[in-house]
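First the proteins, then the strands, lettered A, B, ... as listed; each starts at 1.
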Amino acid sequence: MPSHALTIAGRVIRQLIRDRRTMVLIILVPLVMMGLIGASFPDESVLDYIAPAMIATLALFFSFLLTGISFLRERSQGTLERLMASPVTRLDVVVGYLFGFFLFALAQTSIIIFFTIYVLGANFMGELWQIFIFQTVIIAGAVTLGIFTSTFARNEFQMVQFIPLIITPQIFMAGILWPVEQMPEYLQWLSKIMPLTYGVEGLRDIMLAGANLLDVGFELAVLIGFTIVTSILAATVLRRGAS
Amino acid sequence: MAQEKSARPAVEVDNASFNYREIKAVDRLSLQVPRGISFGLLGPNGAGKTTLIKLLVGLLKPKSGSIRILGEATSRKTAHLIGYMPQLHSLYSELSAMQNVDFFARIYGLSDKKERGQKVEDVLRLVEMWPRRKDSVMNLSGGMRQRVSLACALVHRPPLLLLDEPTVGLDPELRVTFWDYFTRLTGEGATLIISSHTMDDAAHCDSLVFMRAGTVIAGGTPDELKQATAKPEATLEDAFLYFIHLGDKQHA
């Protein structure tokens, strides 16, 4: 464990807790979104099929957005420069952010899962704790992707442009709305490099077919690999714009 | 070996250069800063002061030449020897003044809670922010943020302080207060390198260099620089202009 990562994680958590409005939005926005999505489904069977995909997608979307914007602020307000001049390593910063945001992303994902299951009434077969473990891996990848992507944005406007570029194609190509096999072959290849494809596939297997974590080992391994690769990439390019 | 290191100047820059693409920000610059003094980097905007400070702090690596801090080549190992105050306030606006200072104290290795608490309190009292310690940074005035930013740089009691335009935007009263802190710190043995473009700051420095286009055009104590103009009533501003004209003549 990088030695200063926990200090940075603690600071990230303290910062968010003191920002009450953001805290309220973190809880409220997924509830409103899931409520609207749930109410729009014509019948239960469609909800059951879509629910795992929505849970995976919203976790990816919110975690990516929250981390990306926060990290961009770290850069634009000059605190990243100050950190880079201190004894902390780049890995400290990435792991610290990962831990810090993980807590909030996990809280958000818990709200989404419980709301989908207990309020909207989506049926599921797998075990709840296994759904959570799988979700945490999706979140970890989204947080490191958010840090990495924020390196290429100079302001919030630019960061917001990355959402249609990075998140939207995944929604359309990850097999949420129609099977991946029905898309043109080159898009099927593209879907294979998208983490959401594995997130949706794995979560559907757990929630709809009652699979366990070993059964979705391949999807889990791909998502862990994605997190490791984006962590390394984020740490490598971290100094961009910090000096 | 340790004795040899402690006898060396606080900062040694030898023929260092750095450029942002085609722009030469620091151009074959050499200087030495003795320990325990306040040393000014004076010059107009774009003279290379901030780039030089970033080279000293290790945020940038020189394209050529070498830099030594307290006898050691700049690296992550020298980071704890330096207190760095960037030009921006560079604080976490949601956190309180005390939480900001405490965070940087931890980052710089003050792991003992009691010791850290005492040092955070000491430094916040020094910059007269103890009564406002619980206020969020976003609710503080510009001058107060400058003071908290300075406290973050000072909290681990580094032997070398690199302060990038620390007095910019301060009212005259606060500027005097800042110079009181700086004098106290050099009195305690710290070395301060302060960049500025105001001659008021220059007059407070024990020693300084005038910079222009990434190079040092003159150096010495404020009195030495004024005397070089050979005018009895010369100000530091006159001295700066004198050295600029001298340089232009030599180039012509």
Side-chain angles (χ1 to χ4, degrees), chain A residues 1-26 66 69-97 99-101 104 154-156 235 238-243, chain B residues 18 20 25 50-51 53-61 69 74-96 98-111 116 134-139 145 149 152-153 155-156 158 160-162 164:
Chain A
M1 158 90 63
S3 58
H4 294 294
L6 286 180
T7 307
I8 293 170
R11 191 265 301 159
V12 167
I13 292 166
R14 234 168 265 133
Q15 227 179 325
L16 271 176
I17 288 174
R18 281 180 71 100
D19 185 356
R20 300 237 168 92
R21 193 178 292 243
T22 301
M23 283 302 293
V24 170
L25 287 171
I26 282 176
L66 196 65
I69 298 279
S70 300
F71 207 79
L72 183 70
R73 289 189 62 212
E74 179 97 46
R75 199 177 289 280
S76 59
Q77 68 191 2
T79 42
L80 183 64
E81 180 184 313
R82 201 164 205 159
L83 278 181
M84 289 292 95
S86 78
V88 305
T89 64
R90 288 178 285 182
L91 203 60
D92 278 317
V93 178
V94 174
V95 176
Y97 256 75
F99 281 8
F101 276 103
F104 295 96
R154 287 285 168 272
N155 54 48
E156 278 86 352
L238 197 71
R239 287 177 82 108
R240 270 171 62 105
S243 50
Chain B
F18 186 86
Y20 297 99
T50 296
T51 305
I53 285 196
K54 285 183 177 177
L55 287 167
L56 296 178
V57 85
L59 280 168
L60 298 173
K61 298 267 172 278
I69 298 294
T74 47
S75 68
R76 193 156 294 282
K77 283 182 193 160
T78 56
H80 70 283
L81 301 171
I82 300 169
Y84 173 49
M85 181 180 172
Q87 234 177 60
L88 282 170
H89 296 137
S90 306
L91 298 166
Y92 298 102
S93 52
E94 297 86 359
L95 297 185
S96 69
M98 192 151 107
Q99 285 174 324
N100 268 282
V101 179
D102 184 74
F103 172 69
F104 284 102
R106 284 168 188 253
I107 286 295
Y108 279 93
L110 298 177
S111 50
R116 189 174 68 245
K134 290 181 181 169
D135 289 12
S136 291
V137 164
M138 67 173 87
N139 296 329
R145 288 179 198 190
S149 182
C152 291
V155 68
H156 63 292
L160 176 64
L161 276 151
L162 300 174
D164 195 0

- Task: Go through the atoms of A/Ile8 and report whether side chain, backbone, both or neither lie under 4.5 Å from a heavy atom of chain B.
- Result: both
- In A/Met23, A/Gln15, A/Arg21, the residue satisfying side-chain contact (heavy atoms from CB on, under 4.5 Å) with A/Asp19 is A/Arg21
- Query: Do A/Arg73 and A/Thr79 get their side chains close enough for a donor-acceptor pair, meaning under 3.5 Å?
  - Reply: no
- Query: OG1 of B/Thr74 to CG of B/Leu56: how many Å apart, nearest 0.5 Å?
  - Reply: 8.0 Å
- Would you mind telling me which of B/Ser96, B/Ala153, B/Gly109 has the largest number of heavy-atom pairs within less than 4.5 Å of chain A? B/Ser96
- Item | Engaged part of A/Arg14 at the chain B interface, taking heavy atoms whose separation is under 4.5 Å | both
- Message: What part of A/Thr89 gets within 4.5 angstrom of chain B, counting heavy atoms only: side chain, backbone, both, or neither?
- Response: both
- Message: What part of B/Thr50 gets within 4.5 angstrom of chain A, counting heavy atoms only: side chain, backbone, both, or neither?
- Response: neither
- Message: Only pairs of heavy atoms separated by less than 4.5 Å count here; which of B/Leu95, B/Val57, B/Leu162, B/Asn100 has the most with chain A?
- Response: B/Leu95
- Query: Do A/Arg18 and B/Ser136 have side-chain N/O donor and acceptor atoms under 3.5 Å apart?
  - Reply: yes
- Item | Options B/Cys152, B/Ser149, B/Ser93, ranked by heavy-atom pairs under 4.5 Å with chain A, top entry | B/Ser149
- Item | Side chains of B/Tyr92 and A/Glu74 in contact at under 4.5 Å (non-hydrogen atoms) | yes
- Message: Testing the 3.5 Å rule here: is there a donor-acceptor pair between the side chains of B/Tyr84 and A/Arg82?
- Response: no
- Interface check, chain A: of B/Arg106, B/Gln99, B/His156, most non-hydrogen pairs under 4.5 Å belong to B/Gln99
